[in-house]
S.K.: 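Structure in structure tokens, see below.
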Amino acid sequence: MANTVIIGAQWGDEGKGKIVDMLSARSQVIVRFQGGNNAGHTIKVGNEETILHLVPSGILHPGALCLVGNGVVLDPEVFLRETEELAARGVDVSPGRLAISKKAHLILPYHKSLDKAREAKRAGHKIGTTGRGIGPCYEDKAARVGLRAGDLADPDLVRAKVRHALLEKNVLLRELYKFEALDPDAVSDGLLALAPRLLPYVQDTDARLHAAMEAGADVLFEGAQGIHLDIDHGTYPFVTSSNTVAGNAAAGSAVAPSALERVVGVIKAYTTRVGSGPFPTELLDDAGSYLRTNGHEFGATTGRPRRCGWFDAVVARESVRLNGITDLALTKLDVLQNLPVLRICVAYELDGKTLDYLPQEEGALGRVTPVYEEVPGFEEDISGCRDFAELPDTVRAYVERLEELTGARMSFISVGPGREQTIER
Ligand code: IMP
């Protein structure tokens with residue numbers, strides 16, 4: 001298999017975990033390149049469900065090398081908890097096959113406090129973050145005051161950086177947000193207590209990745225969140241704090257852009273979004289509740305109910321263009337069963353004009369009216385189909401129409417959560 005980037009083509013929660021898991025079986029190295037434990041990748045093997053927040057989903061494939069790239073922000077406690085849980089279930093999480101880039105930034109308690117404090121203060125116009133400290137950690141990275149995983153080997157450096165960070169952050173927490181200030185020694189002690197367990201994982205992942213590639217390994221670059229949550233290209237300011245686009249797979253894992261050979265965009269057969277922000281095809285009626293219940297649309301990370309709506313081909317087309325998507329993986333097609341009609345958003349109307357693209361002015365996407373095309377629904381149970389030809393005519397027509405509208409081929413079609421419930425074309 002060629003070096004492949006997997007990204008979410010909507011607002012996250014497209015079912016990337018399953019597709020990554022499937023393609024991991026054909027790769028020797030799996031790298032996470034952005035985001036942190038705001039992600040939650042659910043993988044179902046047999047009757048066992050695993051939700052991974054930080055460890056690359058490839059870990060369930062014995063022998064694969066799993067790397068947490070420099071573009072990730074890593075919460076040390078979450079990483080250790082996740083590895084312990086995996087180890088308890090017999091998964092090999094030894095540093096020989098799981099490593100963290102020395103250049104990855106660490107999420108510290110003050111990042112989480114600031115994330116929560118800011119959201120609390122934004123009453124009425126919350127972003128709806130996951131509260132995991134993601135934004136504040138990336139802020140420190142950009143402000144050049146962050147702590148990186150490699151710093152853990154130098155306790156004096158850790159203490160100096162934490163002290164320096166809290167000089168400013170404690171003023172904000174205490175005075176502006178009326179939150180509890182944090183004691184620099186307690187924060188440093190807490191982090192340094194974890195260091196002996198973390199340090200074996202903290203490695204020169206660039207060297208390991210390049211050595212594997214030179215030896216002929218195929219690499220899977222595992223994206224988190226979705227394209228429309230990208231800090232530059234998403235529905236700003238209702239976005240996450242990293243670049244989620246496929247292009248960032250290179251910068252976030254230390255390979256050249258020319259190493260990225262194939263881009264798989266994972267896309268749901270309908271649309272969901274967690275947190276605030278514009279969502280043109282959102283359904284606030286029974287059809288929305290039906291999708292939420294039938295699709296188990298509750299956040300894997302925060303448990304929040306997801307907002308649900310029709311497939312938006314404008315959003316999908318933009319994702320194909322921004323990421324150079326070579327293949328789409330359509331997920332949760334089975335969830336649409338028993339809806340009498342299916343609607344597809346093919347354009348928007350805004351101020352008397354028809355748009356076939358997303359308007360870029362802040363707030364404009366929140367004012368568009370979707371233009372819908374209607375196609376017949378289906379009643380058949382498709383969860384047992386393993387070949388495109390086995391799908392009912394109406395379902396095939398829906399998929400083919402989505403291909404036409406997005407301009408990309410649906411190479412994978414998922415008809416249920418299980419590994420085997422996938423049609424590959
Ligand atoms: P943050 O990434 O926690 O700062 O949250 C920013 C926005 O991204 C919020 O709307 C979150 O709900 C959303 N978000 C972050 N991670 C995910 C994800 O993995 N899936 C879906 N939405 C996400």
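Residues take their numbers from the sequence shown, with the count starting at 1. Each ligand, and each atom within it, is numbered from 1 in the order the structure gives. What you see below is based on every heavy atom in this structure, not just the backbone, and it leaves out hydrogens, waters and symmetry mates. Not measured: the values here are computed from a predicted model.
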S.K.: Regarding ligand 1, does Ser276 bring an N or O atom to under 3.5 Å of one of the ligand's N or O atoms?
M.R.: no
S.K.: Among all protein non-hydrogen atoms, which one is nearest to atom 21 (C) of ligand 1, and what is the separation to 0.1 Å?
M.R.: Asp13 OD2, 3.1 Å
S.K.: Might you point out which heavy atoms bring Ser253 and Phe221 nearest each other, and give the distance in Å?
M.R.: OG-CE2, 3.3 Å
S.K.: Using a plain distance cutoff, I'd like to know if Asp115 has any nitrogen or oxygen under 3.5 Å from a nitrogen or oxygen of ligand 1.
M.R.: no
S.K.: What protein heavy atom sits nearest atom 17 (C) of ligand 1, and how far away is it?
M.R.: Gln225 CG, 3.4 Å
S.K.: Please say whether more than 12 non-hydrogen atoms of neighbouring residues, nucleotides or ligands are located less than 6.0 Å from CD in Glu168.
M.R.: no
S.K.: N/O of Gly131 under 3.5 Å from N/O of ligand 1, yes or no?
M.R.: no
S.K.: Considering heavy atoms of the protein only, find what lies nearest to atom 3 (O) of ligand 1 and give residue, atom and distance to 0.1 Å.
M.R.: Thr130 OG1, 2.6 Å
S.K.: So, Tyr201 versus Phe79, ring centres under 6.0 angstrom or not?
M.R.: yes
S.K.: Tell me whether the count of non-hydrogen atoms from other residues, nucleotides or ligands lying under 6.0 Å of CG in Asp286 goes above 12.
M.R.: no
S.K.: Does Arg26 have more than 12 heavy atoms from other residues, nucleotides or ligands lying within 6.0 Å of its CZ?
M.R.: yes
S.K.: For atom 5 (O) of ligand 1, what is the closest protein heavy atom, and at what distance to 0.1 Å?
M.R.: Thr129 CA, 3.3 Å
S.K.: Determine, using heavy atoms of Arg132 and all atoms of ligand 1, whether some pair is separated by less than 4.0 Å.
M.R.: no
S.K.: Among all protein heavy atoms in this structure, tell me which lies nearest to atom 2 (O) of ligand 1, with the distance rounded to 0.1 Å.
M.R.: Thr240 OG1, 2.6 Å
S.K.: Return the OH to CG distance between Tyr270 and Leu330, rounded to the nearest 0.5 Å.
M.R.: 10.5 Å
S.K.: With a 4.0 Å cut-off, would you call Glu84 and Arg89 a salt bridge?
M.R.: no
S.K.: Just to be sure I'm reading this right: ignoring hydrogens, which of Gly275, Gly40, Gly128 gets closest to atom 11 (C) of ligand 1? Compare them by their nearest heavy atoms.
M.R.: Gly128
S.K.: Could you tell me if any non-hydrogen atom of Ala39 lies under 4.0 Å from any atom of ligand 1?
M.R.: yes
S.K.: Among all protein heavy atoms, pick out the one at the shortest distance from atom 7 (C) of ligand 1; state its residue, atom name and that distance to 0.1 Å.
M.R.: Val239 O, 3.8 Å
S.K.: Nearest protein heavy-atom contact for atom 10 (O) of ligand 1: which residue, which atom, what distance?
M.R.: Val274 O, 3.2 Å
S.K.: Quick check with a 6.0 Å cut-off and a 45 degree axis cone: is Arg343 positioned over the face of Tyr372's six-membered ring?
M.R.: yes
S.K.: Which of the atoms in ligand 1, numbered in the order shown and given with their element, are less than 4.0 Å from a heavy-atom of Trp11?
M.R.: 21 (C), 22 (N)
S.K.: State the NZ-OG1 distance between Lys16 and Thr42, to the nearest 0.5 angstrom.
M.R.: 10.0 Å
S.K.: Would Arg304 count as being in polar contact with ligand 1, using the rule that some N or O on each side must be under 3.5 angstrom apart?
M.R.: yes
S.K.: Assess whether atom CD of Gln360 is packed by more than 12 heavy atoms of other residues, nucleotides or ligands within 6.0 Å.
M.R.: no
S.K.: Pull out every atom of ligand 1 sitting under 4.0 Å from any heavy atom of Leu229, numbered as shown with elements.
M.R.: 8 (O), 13 (C), 14 (N), 22 (N), 23 (C)
